[in-house]
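As structure tokens, the structure follows; a few thoughts come after it.
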Amino acid sequence: MANAIELAKAYVPLLDEVYKLASLTSELDGAPELATQGANANELIIPMLDMQGLGDYSRNDGYVKGDVTLKNETVKCNFDRGRMFTVDSMDDLETAGIAFGRLAGEFIRTKVVPELDAFRFASYAGKSGITKVSGALADGAAVIAALRAATTAMDEAEVPIDQRYLYITPTLHGLVQDMDTTKSREVFQRFAAIKDVPQTRFYTAIEQKTGKAGEEAGGYAKATDGAEINFMIVHKPAVIQFPKHIAPKIITPDVNQDSDAYKFGYRNVGIADTYANKVAGIYLHHKA
């Protein structure tokens, strides 16, 4: 069992690095100190702050008394997915350890991270109260105009400029980059970062496959009522995004009671939600 523990210790930092390098939404992860473990396995406790506004000052009575409310709100994790793989020990030996050694990294890079990104975008897109605009963007000028309308709307809603992230399809980003150099791209300066998101991760709604009978391949696909997203602007403080439990599990052949094989299990539990009073911090533009 000690060998399995040492193997796990060696793999976990690498798995975390793969997630950080491959994920397009990892910069939206909340600070760990802002969330604590809930009473149940699928819960997190998030502090919520509320206060009253200014009142009239009286030279006789002084200040109007005000209240500050800091309450801990329990939120439920809405992402809980996993998979267990088996690699025969002879297959691993005959490939000089490549069969098992490459499995974890490739699985996270090609399967876990794309679905996690897609789930987060779809979760934010499905929230009521955010700004949603639909339509076609045929050229770079149309993209710039749509982005200008988005930033103006967020400015008018008093959403701070810092920590605004623009997620946009490579196709639309390319249309802007290919514009005549005399055309203004100043609107791009109003974002903390710009991320190109493949259309395969960018839908307003997705369907997550069970991995069981009829859906053995697992993964996800665009939902029938989903639309392709053109771009999304997210103000980081507007979202509740925490990975609560990321658990890679490695079982070596010597402790595997079922077969002479390595087992690699992976489970990811987390949340992608929005603060009710900060929905102005998310702007969605999608195809009709």
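When reading the values below, keep in mind they use all heavy atoms of this one structure, side chains included, and skip hydrogens, waters and symmetry mates. Along the sequence shown, residues carry numbers from 1.
For Lys127, the salt bridge (Lys or Arg N to Asp or Glu O under 4.0 Å) partners two or more places apart in sequence, or in a different chain, are Asp273. A search for ring-ring contact (aromatic ring centres under 6.0 Å, His included) contacts involving Tyr283 returns nothing, not counting sequence neighbours.
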*side-chain contact (heavy atoms from CB on, under 4.5 Å) assessment of Thr204 paired with Glu228*: CA-CA 6 Å; Thr204 59; Glu228 295 180 339; over 6 Å; no
_Worked verdict on Met84 versus Lys263 for side-chain contact (heavy atoms from CB on, under 4.5 Å)_ = CA-CA 7 Å; Met84 176 71 78; Lys263 281 190 174 183; 3.8 Å; yes
_side-chain contact (heavy atoms from CB on, under 4.5 Å) assessment of Thr274 paired with Ile240_ = CA-CA 5 Å; Thr274 59; Ile240 304 172; over 6 Å; no
*asked:* Set out, in order, the CA-CA distance, both residues' side-chain angles and the distance that settles ring-ring contact (aromatic ring centres under 6.0 Å, His included) for Tyr167 and His173, then state yes or no.
replied: CA-CA 10 Å; Tyr167 300 93; His173 196 183; over 10 Å; no
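When side chains are defined from C-beta on, Glu207 does not count as touching Lys222, because their heavy atoms never get closer than 4.5 Å. Using a 4.5 Å heavy-atom threshold, the side chains of Met232 and Val197 count as separate. Annotation: side chain of Tyr124 is not in contact with side chain of Ile130 (no heavy-atom distance under 4.5 Å). The side-chain heavy atoms of Ile168 and Ile194, taken from C-beta on, include a pair separated by under 4.5 Å. For the pair Ile229/His285, no side-chain contact is recorded, criterion being any heavy-atom separation below 4.5 Å from C-beta on. Side-chain contact between Thr86 and Phe264 is absent, with no heavy-atom pair separated by less than 4.5 Å. Considering only heavy atoms from C-beta on, Ile161 comes within 4.5 Å of Asp155 through its side chain. Within the 4.5 Å cutoff, side-chain heavy atoms of Ile233 are placed close to those of Phe191.
Side-chain contact of Thr169 with Asn230: a donor-acceptor pair under 3.5 Å is absent, judged by distance alone.
A salt bridge does not link Glu115 to Arg201: none of the charged side-chain nitrogens sits closer than 4.0 Å to a carboxylate oxygen. Under a 4.0 Å N-O distance rule, the pair Asp162/Lys236 does not qualify as a salt bridge. Residues Asp29 and Arg120 are paired through a salt bridge, judged by an N-O separation under 4.0 Å between the basic side chain and the carboxylate.
In this structure, Ile251 CD1 and Asn256 CG are separated by 6.5 Å, a value rounded to the nearest 0.5 Å. Annotation: the span from Phe121 atom CZ to Thr25 atom OG1 amounts to 6.0 Å, rounded to 0.5 Å. Between the CG atom in Leu24 and the CG atom in Asp196 there is a gap of 8.5 Å [rounded to 0.5 Å]. We find the CG-CG distance between Asp180 and Asp178 to be 11.5 Å, quoted to the nearest 0.5 Å. Atom OH of Tyr203 and atom NE2 of His286 lie 15.0 Å apart (nearest 0.5 Å). Atom CD1 of residue Ile206 and atom OG1 of residue Thr200 lie 11.5 Å apart, to the nearest 0.5 angstrom.
Between the Gln241 side chain and the Glu27 main chain, no donor and acceptor come within less than 3.5 Å of each other. The backbone N or O of Phe202 lies less than 3.5 Å from a partner atom in the side chain of Gln199, making a donor-acceptor pair. A donor-acceptor contact shorter than 3.5 Å is absent between the side chain of Asp225 and the backbone of Ala205. The closest donor-acceptor contact from the side chain of Arg185 to the backbone of Val176 lies under 3.5 Å.
Of all non-hydrogen atoms in Phe119 and Ala272, the two that sit nearest each other are CE2-CB, 4.0 Å. Scanning both residues, Ala238 and Gly281, for their nearest heavy atoms gives CB-CA, 4.0 Å. The nearest pair of heavy atoms linking Ser128 to Val279 is O-CG1, 3.9 Å. Among all heavy-atom pairs drawn from Pro114 and Ile108, the shortest one is CD-O, 4.2 Å. Taking each heavy atom of Leu137 and Ala142 in turn, the nearest pair found is CD2-O, 3.7 Å.
Linking ILVMFWY side-chain heavy atoms closer than 4.5 Å, directly or via other members, places Tyr165 and Leu147 in two distinct hydrophobic clusters. Linking ILVMFWY residues whenever their side-chain heavy atoms come closer than 4.5 Å, directly or via other members, leaves Leu284 and Met154 in distinct clusters. Linking ILVMFWY side-chain heavy atoms closer than 4.5 Å, directly or via other members, places Leu175 and Met179 in a single hydrophobic cluster. Connection of Val159 to Phe231 is established within a shared hydrophobic cluster, with ILVMFWY side chains joined at heavy-atom distances below 4.5 Å, either directly or through further cluster members. Leu28 and Leu116 fall into different hydrophobic clusters, defined by Ile, Leu, Val, Met, Phe, Trp and Tyr side-chain heavy atoms under 4.5 Å apart, directly or through other members.
A cation-pi arrangement, defined by a distance under 6.0 Å to the six-membered ring centre and an angle within 45 degrees of its axis, is absent between Lys111 and Phe107.
Dense packing is recorded around CD of Glu216, with more than 12 heavy atoms of other residues, nucleotides or ligands lying under 6.0 Å away.
Under the side-chain hydrogen bond (donor to acceptor under 3.5 Å, both in side chains) criterion, no residue pair touches residues 132-152, with sequence neighbours excluded.
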